[in-house]
There are 2 protein chains.
Amino acid sequence: MPVPRAGLDAATVVAAGAELADEIGFAELTMARLAERVGVKAPSLYKHVAGQDDLNRRIAALALAEVADTLGTAIQGRSGRDALGAAARALRRYVLDHPGRYAATAGLTATGPEDPIAIAAAQGIAPFAAVLRGYDITPDQMPHALRSLRSVFHGFATLQATDSFQWSADVDDSFDWLIDLVDRGLRATPAP
Amino acid sequence: MPVPRAGLDAATVVAAGAELADEIGFAELTMARLAERVGVKAPSLYKHVAGQDDLNRRIAALALAEVADTLGTAIQGRSGRDALGAAARALRRYVLDHPGRYAATAGLTATGPEDPIAIAAAQGIAPFAAVLRGYDITPDQMPHALRSLRSVFHGFATLQATDSFQWSADVDDSFDWLIDLVDRGLRATPAP
DNA sequence: GCTAAAAGCTAACATCATTAGCTTGAGTGT
DNA sequence: ACACTCAAGCTAATGATGTTAGCTTTTAGC
């Protein structure tokens with residue numbers, strides 16, 4: 001398998017795209033700019049990536065995988081409210097550190113269960129499941145609890161990422177408050 | 001003030017853009033397509049709207065105002081868990097009915113307090129504040145509670161809008177579960 | 001060394017947003 | 001009634017974009 005004049009690779013291109021998106025914003029990420037960044041002309045990118053849409057989806061999948069990894073290590077050795085707080089803080093930190101990649105995950109529709117995005121998203125659930133194991137959740141309530149956790153965290157992270165909080169109150173305090181809210185709600189879960 | 005060969009207006013253009021975005025998706029909304037929709041050539045749109053970015057922001061502001069209105073009427077005559085559920089359900093319905101407009105509100109950064117987006121967003125808070133009045137929230141906790149509510153609802157609505165829930169469990173049930181979770185958390189709010 | 005295939009290139013095209021400048025038509029003041 | 005104004009809409013042009021087609025080059029394996 002010949003590998004000419006390279007240093008370039010699908011993974012490398014996607015990684016560079018994610019990095020560039022973090023720097024200049026996801027909306028400003030363009031094939032031409034990415035090509036220049038990796039030292040290549042725009043059409044050459046198509047040897048590694050099917051197009052802009054494919055690139056975006058791969059960046060999103062990368063971000064989701066990284067989030068899953070980050071959250072997984074964040075909750076290791078913790079449980080209950082402690083794990084909840086650690087996971088939440090890790091996600092927030094990730095979004096602040098990688099706003100471009102994370103923005104790529106917004107507004108995506110998985111084409112099917114085989115879509116890398118769907119797979120990455122499914123893996124991203126695992127840490128949340130681990131957190132919930134510290135609470136009294138019956139198995140039949142697990143899917144609802146997972147979706148709820150995901151909604152809460154995703155909602156706060158995106159609002160924060162887009163700078164949608166306009167008042168002066170400290171965002172960290174609000175985040176702690178939100179975590180406490182969820183923790184209270186989870187601990188008060190009734191067994192129906 | 002002469003008003004020639006018309007039927008066109010800034011508000012009309014924005015409304016048509018929002019409608020078109022709902023039909024074909026926000027990402028597919030283009031100046032050319034919108035021009036064709038309103039029966040005009042693309043450059044003519046610039047007589048009513050400063051450009052694509054301006055158009056997007058105006059659509060977002062429209063959506064935020066509509067959301068505020070919808071939520072406001074949804075909670076009238078209700079309070080507590082009842083108001084919470086009604087507001088949540090109204091938002092969800094809105095996002096499902098108007099996915100394009102709502103997508104326009106994601107990933108926007110208000111340029112300042114005078115930005116129509118900031119104003120519309122501020123008005124959108126009011127219904128949430130009304131809901132929270134039915135719970136025991138101290139004034140200094142209000143901002144945190146508002147942000148939390150916004151995060152929760154926005155998170156679930158966007159995940160749902162982008163079809164990010166892949167498992168088979170009924171989404172409506174999950175939504176009810178989430179509302180209960182928040183309700184329990186709010187009722188258990190401690191007085192610090 | 002020779003060959004095959006992948007990587008990268010140039011050229012070209014369609015589409016898009018946007019600007020500049022012209023044309024036209026409706027309302028206003030006399 | 002009539003001319004004047006000025007904004008709505010147009011055509012033409014520009015630069016940037018994503019993308020495709022086809023050519024050239026480089027490297028790995030025989």
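Predicted, not measured: the structure shown is a model, and the values here were computed from it. A note on names: the letters A, B, ... follow the listed sequences, proteins ahead of strands, and every chain is numbered from 1.
Residue-to-nucleotide proximity on DNA chain D shows that, of B:Gly39 and A:Leu29, the 5′-proximal contact is made by B:Gly39.
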Table of protein N/O atoms under 3.5 Å from nucleotides 12-16 of chain D N/O atoms:
none

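By the 30° and 60° cut-offs, the orientation of the rings of A:Phe156 relative to A:Phe175 is tilted.
In this structure, A:Ile24 is a member of the same hydrophobic cluster as A:Val13, with clusters built from ILVMFWY side-chain heavy atoms closer than 4.5 Å.
Two residues are said to be in side-chain contact when any heavy atoms from C-beta on lie closer than 4.5 Å; B:His154 and B:Tyr102 meet this criterion.
Regarding B:Glu36, its CD atom lies at a distance of 13 Å from the P atom of C:dA17, rounded to whole Å. To the nearest angstrom, P of C:dA14 lies 23 Å from CE of B:Met31. One interatomic measurement links the two molecules: CD of A:Gln52 to P of D:dG18, which rounds to 5 Å at whole-angstrom precision. Rounded to whole Å, the distance from CG on B:Leu8 to C1' on D:dC10 is 14 Å. Rounded to a whole Å, the CG atom of B:Asp54 is 12 Å from the P atom of C:dT19. The interatomic distance linking B:Leu45 (CG) with C:dA17 (P) rounds to 9 Å, in whole Å.
Of the charged side-chain nitrogens involved, none lies within less than 4.0 Å of a carboxylate oxygen, so that B:Asp180 and B:Arg184 do not count as a salt-bridged pair.
Taking every heavy atom of both residues into account, A:Val40 and A:Leu8 meet most closely at CG2-CD2, 3.8 Å.
Side-chain atoms of B:Lys41 lie closest to D:dC10 of the nucleotides C:dG8, D:dC10, D:dT19. Here the side chain of A:Lys47 is nearest to one of C:dA7, D:dT17, C:dA17, namely C:dA7. For A:Thr30, the listed nucleotide lying nearest its side chain is D:dT17; candidates were D:dG9, C:dC16, D:dT17. Listed nucleotides: C:dC9, D:dG9, C:dT19. Nearest to the side chain of B:Tyr46: C:dT19.
A sub-4.0 Å separation between OP1 or OP2 of C:dG8 and a side-chain N or O of A:His48 is present. Distances shorter than 4.0 Å separate some side-chain N or O of B:Ser44 from OP1 or OP2 on D:dC10.
Few gaps surround CD on B:Glu23; more than 12 heavy atoms of other groups in view lie less than 6.0 Å from it.
No donor-acceptor pair closer than 3.5 Å links the side chain of A:Arg78 to the backbone N or O of A:Ala83.
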